[in-house]
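Below you'll find the structure, written out as structure tokens, and then a few comments.
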2 protein chains.
Amino acid sequence: MALKHAILVLLEQQPGSGYDLHKRFQQHMGFFWQASHQQIYQQLKGLLTDGLIVGQDKQQQGKPDRKVYHITDSGKQELIGWMHQLSKPLKINDTLLVKLYGGHLVDSEVLLRDLQQQQDSYRKTLAVLQQLEQQYQALAESQKQPYRLPYLTLRRGIYHVQGWLAWAEEASQLLSDWQ
Amino acid sequence: MALKHAILVLLEQQPGSGYDLHKRFQQHMGFFWQASHQQIYQQLKGLLTDGLIVGQDKQQQGKPDRKVYHITDSGKQELIGWMHQLSKPLKINDTLLVKLYGGHLVDSEVLLRDLQQQQDSYRKTLAVLQQLEQQYQALAESQKQPYRLPYLTLRRGIYHVQGWLAWAEEASQLLSDWQ
DNA sequence: TATCTCATGTAAACTGTTACATGATTTT
DNA sequence: AAAATCATGTAACAGTTTACATGAGATA
């Protein structure tokens, strides 16, 4: 299971609570890893009982208590072992494409509307990713080093979103042409 | 649930058995929809009890019996209703990128090996997709019409795979440069 | 006054994966 | 003789989603 390991990757970088982890997933891995807070809390339970992480309660003034988790040595070993295994190919289940595939059942406007809705959110995502890229590129060479590997994943996100948008324009055009 | 609807899309085009459907998923939708035969058999059961499909046993000489399913009117209505709903954004959970993100824990060779493994399979996929595209383009305009919408999904597959390969080259290069 | 963010969780339902099971025909 | 393809499924487990639940402080 990769969610467990994705959590370990984040905790290896820096300890954090379930809430923190959810935000970090959204902010830094949102374009290649998605996990709900419920899932994260459930996995943290499992990681705790397996001894791969430890947790400590921290009180805060004015805010609810947080349970801050740290990776253990055994967790780090588990993570390194996992990294050495070859990855399974990415599984894609794309609802929009199923609809396009069977799109003869509806007006093309129905398909175009769905395409456009996604286009809007992809454009916003692209803007965010490009801003992150600029932030990285603006760093001095000596400062870049710790962000190199995350930068590679960012580049993947940019390729993905740009490819999607280019395709969507082509597809919208063709759908409109065919009436 | 989209698997149910993906099955309905295939059955609306042409009746078929669970085994057929599995093959059709692999051959025509493999780059945007993946489903195991176990999943398909389970979903067919549910579709049957919901009255969205009907099945009939067909004997074959020398081979096991097949249960051939047909979409019902109610199934077609369900499908059309589903098509009118806006799609949820594609969920991507990419293990390889999680490994890259936390890749400081291992030698870059470990990461490169994983990248190359996937590169090999993406290259093969690209060849298949491009061949399908040529088959479509070779058709006379009058013959293309029924394949137009599937062609749009094929284009998406090509964009995706080409984008992945371009990124992988860039990423491999950078990983090697950084030692 | 209402909504958003912080912060944590449970329970039920649904979906998906892995392993097992069977057995005939066809191809290498 | 072995492996692949045809053809169907069950059972146990793992993972995900949706709905529910609580409650404080900050912001509009």
Side-chain angles (χ1 to χ4, degrees), chain A residues 1-8 15-27 29-30 33-50 52-53 55-69 82 85 87-95 98, chain B residues 1-8 15-27 29-30 33-50 52-53 55-69 82 85 87-95 98:
Chain A
M1 217 275 295
L3 174 54
K4 270 188 180 128
H5 295 100
I7 290 172
L8 289 176
S17 66
Y19 190 86
D20 288 338
L21 289 168
H22 184 228
K23 277 199 305 177
R24 286 162 68 187
F25 271 121
Q26 284 182 142
Q27 286 166 9
M29 294 180 156
W33 199 271
Q34 277 149 266
S36 64
H37 73 102
Q38 294 92 331
Q39 259 181 292
I40 292 166
Y41 287 122
Q42 282 170 40
Q43 293 303 323
L44 284 170
K45 238 193 268 178
L47 288 165
L48 254 187
T49 59
D50 293 346
L52 305 177
I53 59 174
Q56 27 175 143
D57 284 19
K58 291 225 171 158
Q59 292 140 265
Q60 299 184 112
Q61 63 278 57
K63 290 178 187 173
D65 289 1
R66 306 164 75 239
K67 290 185 194 166
V68 177
Y69 297 97
W82 175 75
Q85 291 166 225
S87 305
K88 277 188 287 187
L90 178 60
K91 189 185 165 178
I92 294 181
N93 278 177
D94 192 333
T95 302
V98 175
Chain B
M1 215 275 296
L3 174 53
K4 269 186 181 131
H5 295 102
I7 290 172
L8 289 176
S17 66
Y19 190 87
D20 288 338
L21 290 168
H22 184 228
K23 276 199 306 178
R24 285 163 68 188
F25 272 119
Q26 286 182 141
Q27 287 166 7
M29 296 180 155
W33 200 271
Q34 277 148 268
S36 65
H37 73 101
Q38 293 94 332
Q39 258 181 294
I40 291 166
Y41 287 121
Q42 283 170 40
Q43 292 303 323
L44 283 171
K45 240 194 265 177
L47 287 166
L48 254 186
T49 60
D50 293 346
L52 305 178
I53 59 173
Q56 30 176 139
D57 285 20
K58 291 225 173 157
Q59 291 140 267
Q60 299 183 113
Q61 63 277 57
K63 290 177 188 175
D65 288 0
R66 305 164 76 240
K67 289 186 194 165
V68 177
Y69 297 97
W82 174 76
Q85 290 166 227
S87 305
K88 278 187 287 188
L90 178 59
K91 190 185 164 179
I92 294 179
N93 279 176
D94 193 333
T95 302
V98 174

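A, B, ... follow the sequence lines: proteins, then strands. Residue 1 opens every chain. Heavy atoms only: backbone and side chains are in, while hydrogens, waters and symmetry mates are out.
Spacing between atom CG of A:Leu90 and atom P of C:dG16 amounts to 15 Å, rounded to whole angstrom units. Whole-Å rounding puts the A:Ile92 CD1 to C:dG16 P distance at 15 Å. Distance A:Leu44 CG to C:dA7 P: 15 Å, rounded to the nearest Å.
A salt bridge links B:Arg66 with B:Asp20: at least one charged nitrogen is closer than 4.0 Å to a carboxylate oxygen.
With a 4.5 Å cut-off on side-chain heavy atoms, B:Thr95 and A:Lys88 do not count as touching. Here the side chains of A:Lys45 and A:Leu47 are not in contact, with every heavy-atom distance at 4.5 Å or above. Side-chain atoms of B:Leu3 and B:Trp33, non-hydrogen and from C-beta on, do get closer than 4.5 Å to each other. At a threshold of 4.5 Å between non-hydrogen side-chain atoms, the residues A:Tyr19 and A:Ile40 do not count as touching. Residues B:Trp82 and B:Leu8 have side chains not in contact (no heavy-atom distance under 4.5 Å, counting atoms from C-beta outward).
Atom CG of B:Asp50 sits about 10.0 Å away from atom CD of B:Gln43, to the nearest 0.5 Å.
Within residues 17-27 of chain A, the residues having any heavy atom closer than 4.0 Å to DNA chain C are, in order of number, A:Ser17, A:Gly18, A:Tyr19, A:Lys23.
Of the listed nucleotides (C:dT8, D:dT8, D:dT17), C:dT8 has the atom at the smallest distance from the side chain of A:Arg66.
B:His22 pairs in a side-chain contact (heavy atoms from CB on, under 4.5 Å) with only one of the listed residues (B:His37, B:Gln27, B:Gln38, B:Gln39), which is B:His37.
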Might you list the N or O atoms of the protein lying below 3.5 Å from N or O atoms in nucleotides 10-15 of chain C, with each pair's distance?
{"from": "C:dT10", "atom 1": "OP2", "to": "A:Lys45", "atom 2": "NZ", "distance (Å)": "2.8"}

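In terms of phosphate contacts, A:Lys88 brings no side-chain nitrogen or oxygen within less than 4.0 Å of OP1 or OP2 of C:dT17.
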